[in-house]
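What you see is a predicted model, and the numbers here were worked out from it, not measured in a lab.
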Amino acid sequence: MSSEQQQDRHTHAGEETGTHPGAAFGIPAGAEGEDVVDAVYGPGGTFSGIDPDLLPYLEAADSPAGESPAQAAEEDAAAGHSRERDEAEDLAALRELVAANMVPGGDLDRLDALLAEVDADDSDDWEDWEPVLADAETEAADGDDRHRAELAAAAHAVEVSARMRQVEAEILSRAPEHQVQPSLERVAAVLDILGNPERSYRIVHVAGTNGKTSTARMTERLLAATGMRTGRFTSPHLATIRERIALGGEPISEEDFIAAWEDVAPYIEMVDARSQADGGLRLSFFEVLTVMALAAFADHPVDVAVIEVGMGGTWDSTNVVPGDVEVITSIGLDHGTWLGTTLAEVAANKAGIIKDGSTLITAAQPEAVQAVIADAARAHQVLWRRELDAEEDPDAPGAGVLRVLDRSLGVGGQMVTLATAAAVYEDVFVPLHGEYQAHNALLALAAAEAVFGGRQLPAKVVEDGFASVTSPGRLEVLRTSPTVIVDAGHNPHGVTALADAVEEAFGFQHLVAVVGLMKDKDAEGILSVLEPACDAVVCVPIDSPRAMDAEDLGVVAREVFGADRVVVAPTLLAGTEQAVNMSEGFDAPLTASGVLIIGSVVLAAQARALFGKP
């Protein structure tokens, strides 16, 4: 028989006897693909199509090499006994741990008894169990509660705002601050009834013609950087009356402002009635705010308050505060109707804040002013720390000890080195423009030292204090391209320093001024200072009954600038737009042109609002 015939015979025999390839796995002859899978992994489970006689061999194939199925079974049994032994040891250790932590003395028998009691308790506490995760209904209820709380908070805010407007109207109904009522009696009487709250904290009292507000703000920031709780009373305000009374550097809240008014209002009414019965006046707008501030600082409470004089010094309502530290910034002519027409007269009024035995900090002053302050300092036997005069020998006996040793321009301000009686502070960043702000910073630093007995302040306090300083409305940039700057300068002395600061900090090739003034200001003097620095001036009205008419201001401006360099605008908005167009009309880059809005605190406030400044 040939080999081919033998092969064919074996093939047909295999098909008949079921010995074809895969037959042992239940795979039909000639099966392919899914038929093979179904045969091996059929309805009977894994390997359901495999001949049972082959399973021991397949299992042996999974055993380590050289092991027989019997050996594998013995090892499995041994492993099982080992696992049981390990589990028993773990359970014994766990029982001992539980007993040690839960049963006095670690008594295992006592633990078993307790567990038996638990097993015997067949009560079902699951029905009393409450889920930890909130269900949808609970979440909805919480959402409703939050919504009601938000509605209540909104309603409260509306009520507070409405009450705030009422309180402000009541205060504004009194004599305005420009109608001076020289007297300390009314304010002193109210404070006496209140128990003299102004005596419950340290006070830094700041007077002067220019730089009072910036110096007060810097002093407060330095003191706050030491960790002291601070109050600050300044005037006038730019956006809200609450700016005048600051707690921790921020305007007092509406709620606290209302509370301050309601706390003092009954006593103010009592003093008003007494004063009017004697033929006198009610407390003025500024006097009421002074009382409110001094009372609020005690209620807060603060450790130290920085108080800015409103006008003058001697009879300003803030002069009821006790002596501690007094600061007198640079003095010039202003408010001539009330303070006098000579520097000596103005100085005498401002020196009225000096108290016996206090520490006095003063800026470099004109000779006539310096002589008046020196007399007051001797009379009150103060510790006097004054700024070195420009022509004074620093090594001469009695020379000023406060000095600006160095200053250089920086991004957004200037780097200064300041010397006081206690130390030299190098490379201090002051985020304000202008040489005069470096000198204001010097006064603030000396005042802060004086609060601590004249000791040197830590470098970190000085760095953080000055870095947090802001002075809205003081050489403040409102926009760029072209640059629009606003400043509250309102007298020739202050505008002179400002013009130098603008030239130094911005270096404009072309500058247009937008000017609005009050009737009692030296219009010719202010415009004469601006004329050399400006290409043109736009005269605008101010929304105030005290404001000079824009047309009248235009008449003075034409005398100073010439008719072709003066524009009169009907509104601040129109005037600013004209000034911007004029500044852009020069053949120079936009960065070389600028607009300066100047002349009044009220005008500065309106300009800031116009440009969306808070």
Quiz item: Which is it for Glu243 and Leu238 under the side chain to side chain contact (heavy atoms under 4.5 Å, CB included) test, yes or no, and what are the steps along the way?
Solution: CA-CA 8 Å; Glu243 294 171 18; Leu238 290 172; 3.7 Å; yes
Quiz item: What residues form a salt bridge (charged side-chain N to carboxylate O under 4.0 Å, His left out) with Arg385, not counting sequence neighbours?
Solution: none
Would you mind writing out the side-chain donor-acceptor pairs for residues 521-530 within the sub-3.5 Å range, not counting sequence neighbours?
from   : atom 1 : to     : atom 2 : distance (Å)
Lys521 : NZ     : Asp334 : OD1    : 3.2
Asp522 : OD1    : Gly525 : N      : 2.9
Ser528 : OG     : Glu524 : O      : 2.7

In a table with atom names and distances, give each donor-acceptor pair under 3.5 Å that connects a side chain of residues 389-403 to protein atoms at least two apart or in another chain.
from   : atom 1 : to     : atom 2 : distance (Å)
Glu392 : OE1    : Arg386 : NH1    : 3.1
Glu392 : OE1    : Asp389 : N      : 3.0
Glu392 : OE2    : Arg386 : NH2    : 2.6
Glu392 : OE2    : Gly400 : N      : 3.4
Asp393 : OD1    : Asp395 : N      : 3.0

Practice problem: Scan residues 459-501 for pairs that pass ring-ring contact (aromatic ring centres under 6.0 Å, His included), counting only residues two or more places apart or in two chains. | Solution: none
Quiz item: Would you say the side chain of Ile241 lies within less than 4.5 Å of the side chain of Leu289, judging by non-hydrogen atoms?
Solution: yes
Quiz item: Roughly how far apart are Ile245 CD1 and Ser235 OG, rounded to 0.5 Å?
Solution: 11.0 Å
Quiz item: Which residues satisfy the side-chain hydrogen bond (donor to acceptor under 3.5 Å, both in side chains) test with Arg455, sequence neighbours excluded?
Solution: none
Quiz prompt | Check: Ser408/Gln414 side-chain N/O donor and acceptor closer than 3.5 Å | solution = no
Quiz item: Do the non-hydrogen side-chain atoms of Val309 and His205 ever get within less than 4.5 Å of each other?
Solution: yes
Exercise. Side-chain contact test, heavy atoms from C-beta onward, threshold under 4.5 Å: evaluate it for Leu191 versus Val187 and give yes or no.
Key: yes
Quiz prompt | Asp464 side chain to Ala225 backbone, donor-acceptor under 3.5 Å | solution = no
Can I get a per-line list of side-chain donor-acceptor pairs under 3.5 Å for residues 426-438, giving both atom names and the distance, sequence neighbours left out?
from   : atom 1 : to     : atom 2 : distance (Å)
Gln437 : OE1    : Asn440 : ND2    : 3.1
Gln437 : NE2    : Ser214 : OG     : 3.3

Self-check item: Ser593 and Ser583 side chains, donor-acceptor separation under 3.5 Å
Solution: no
Quiz item: Got a sec, which residues hit side-chain contact (heavy atoms from CB on, under 4.5 Å) with Pro458, two or more places apart in sequence or on another chain?
Solution: Val461
Quiz prompt | Partner of Asn491 under side chain to side chain donor-acceptor pair (under 3.5 Å), chosen from Thr209, Thr496, Asn210 | solution = Asn210
Quiz item: Say you draw a straight line from CZ of Phe611 to OG1 of Thr576; how long is it, rounded to the nearest 0.5 Å?
Solution: 5.5 Å
Quiz item: Is there side-chain contact between Asp356 and Gln381, with at least one heavy-atom pair below 4.5 Å?
Solution: no
Exercise. Could you tell me whether Arg565 and Glu531 have a side-chain N and a carboxylate O separated by less than 4.0 Å?
Key: yes
Quiz prompt | Heavy-atom check, side chain of Cys534 versus side chain of Val512, under 4.5 Å | solution = no
Quiz item: Got a second to check how far Asp316's CG is from Ile353's CD1, nearest 0.5 Å?
Solution: 9.5 Å
Would you tabulate the side-chain donor-acceptor contacts of residues 547-554 under 3.5 Å, counting partners in other chains and residues two or more places apart, or write 'none'?
from   : atom 1 : to     : atom 2 : distance (Å)
Asp549 : OD2    : Glu551 : N      : 2.9
Asp549 : OD2    : Asp552 : N      : 3.4

Practice problem: Give the C-alpha distance, both sets of side-chain angles, the deciding distance and a yes or no for side chain to side chain donor-acceptor pair (under 3.5 Å) between Glu287 and Ser317. | Solution: CA-CA 6 Å; Glu287 288 173 325; Ser317 65; 5.8 Å; no
Quiz item: Looking at residues at least two apart in the chain, or sitting in another chain, which of them share a side-chain hydrogen bond (donor to acceptor under 3.5 Å, both in side chains) with Arg217?
Solution: Thr470
For residues 567-574, which side-chain N or O atoms pair as donor and acceptor with protein atoms under 3.5 Å away, sequence neighbours left out?
from   : atom 1 : to     : atom 2 : distance (Å)
Thr571 : OG1    : Ala574 : N      : 3.0

Quiz item: Between CG of Leu223 and CZ of Phe452, what distance do you get to the nearest 0.5 Å?
Solution: 6.0 Å
Exercise. Kindly state each residue pair satisfying ring-ring contact (aromatic ring centres under 6.0 Å, His included) with at least one member in residues 214-246, sequence neighbours excluded.
Key: Phe233-Phe286
Quiz item: Does a sphere of radius 6.0 Å around CG in Asp500 hold more than 12 heavy atoms from other residues, nucleotides or ligands, not counting ones at 6.0 Å or beyond?
Solution: yes
Practice problem: Please determine, by modelled atom types, if Trp315 and Ser183 share a side-chain donor-acceptor pair under 3.5 angstrom. | Solution: no
Quiz item: Could you state the interatomic distance from CG (Leu388) to CG (Leu405), rounded to the nearest 0.5 Å?
Solution: 9.5 Å
Self-check item: Residues in salt bridge (charged side-chain N to carboxylate O under 4.0 Å, His left out) contact with Arg174, at least two apart in sequence or another chain
Solution: Asp272
